[in-house]
Amino acid sequence: MAKIEEYAPLVGQSVIDDLRLLAERLKGKVVQHINSTSVGGGVAEILNRMVPLLRELGVDTCWDLIKGGSQFFDVTKKFHNVLHGRPEEITQRDFDIFMETSLLNIEEVNTHGDIVFVHDPQPIALVRKKQENKWIWRCHIDVSEPHQKVWGFLMEFISQYHAAVFSSPSFSRRLPVRQFLVAPSIDPLSDKNRELPLEVIDKVLEKYGIVRDKPIITQISRFDRLKDPVGVIEAFLQVKKYIDCQLILAGGTATDDPEGAKVYEEVMEKAKKDTDIHILLLPQNDIEVNALQRASDVIMQKSLKEGFGLTVSEALWKAKPVVASNVGGIPLQVTHKYSGLLCHSIDGAAFAIKQLLNSPAYAKKLGENGREHVRNNFLLTRHLKDYMLLFLSLYHQEDLVYL
Ligand code: UDP
């Protein structure tokens, strides 16, 4: 695993020096991250890299998980969907199930950190254990149009935190606690994003029976309706009428996402007759994801709703042209016609893919611009700095000037 000094050639030595200075100021504090899964999805992706780097910098950091059964995760997935604005029925029983599991976790999870950093709604109720320590709630969801009842329920907990963190200005809500805007990030030196030798890429394609005889369009995502895998296939089918190409839809499932298997079946059903559509159920294997992204001519992220969409930065970092929906945190990453193409519909996605496949020089330029945009804004080093500044600010509240 890469050491902090290895990031200097990518981001500049002064960035690394700043991180060391900030970490020095946090000596003696324990930072405890808490979420609901160690595998799958963007939160786990980030913590897997951030925790070891904070430790290397000298910040005493740990990462704990809450526990829950299938009923609990069914409810939290429903909460996730309705907070993103998707209509679903929420009953009193859902709130009861949420609280039953939350009370068990309140009993069992030792919230010993000086700073307890809670990710997303699943562990939100742990704040009932607040004592002298500082509590941060980190929201990774686009809550710009949330389900009122669920948001109201969560507000009872959010208002007990010292601070709330959102990924994008458009997600922030009126809250009685301090808010911070911190965009997520990718790790340029992880297996998911580092340079790969061509042989490795070829081997992965061979493993999945994919031949590079025509352009490859790819979307990597959990099998989740909000990622619109069926819409991706429909856009691809429109493109294929004009340009001979192939589609890779690849994804695994997350342990806190019970819908994956069902959506995977729907996608298989939609794709079954077309041998140019490769539906891959990926094992948790970062090098394979990296290889598939690097082998692609166009990368899609046709989400209907999105928190941030790490896959977009992952693609841009590889200088790939991206077609992505104008939702959630995606427009932070893609400026239309500069660092990718934004779309609003299946037809729009198909049009954009055709444009990129027909104009390789334009596609290349968008990818290159995207890589620089990610270098300046969405690498892990920026994220580490933002978080350490946030931690320090919790102890210097009196220094803040409120506007
Ligand atoms: N991912 C993966 N394997 C998969 C599907 C997704 O490694 O089969 C990764 C993907 O590369 C990205 C993360 O999981 O790093 C998903 O984060 P994103 O913000 O795109 O979406 P989320 O799943 O958090 O909604």
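In what follows, every heavy atom counts, from backbone to side chain, and hydrogens, waters and symmetry copies are set aside. Just follow the structure's listing: the first ligand is 1, and inside any ligand the first atom is 1.
- Legend: residues meeting ring-ring contact (aromatic ring centres under 6.0 Å, His included) with Phe171, ordered by chain and number and at least two apart, are absent.
- Judged by the shortest distance from any of its heavy atoms, Gly307 lies outside the 4.0 Å radius around the atoms of ligand 1.
- Between Ile220 and ligand 1, not a single N/O pair is under 3.5 Å apart.
- Heavy atoms of Lys227 found under 4.0 angstrom from ligand 1 belong exclusively to the side chain.
- Of all atoms in ligand 1, listed by their number and element, those nearer than 4.0 Å to a heavy atom of Lys192 are 2 (C), 7 (O), 9 (C), 10 (C), 11 (O), 15 (O).
- Heavy-atom neighbours of Met99 CE from other residues, nucleotides or ligands within 6.0 Å: above the threshold of 12.
- A cation-pi arrangement, defined by a distance under 6.0 Å to the six-membered ring centre and an angle within 45 degrees of its axis, is absent between Lys149 and Phe95.
- Both the backbone and the side chain of Leu310 come within 4.0 Å of ligand 1, judged by heavy-atom distances.
- For the side-chain hydrogen bond (donor to acceptor under 3.5 Å, both in side chains) condition, no pair includes a residue of residues 67-76, sequence neighbours left out.
- With hydrogens and angles left out, the side-chain atoms of Ser221 and Gln301 include a donor and acceptor closer than 3.5 Å.
- Close approach of ligand 1 to Gly252 is summarised as follows: ligand atoms under 4.0 Å from at least one heavy atom of the residue are 4 (C), 5 (C), 8 (O).
- If you look at Glu314 next to ligand 1, the close heavy atoms, those under 4.0 Å, all belong to the side chain.
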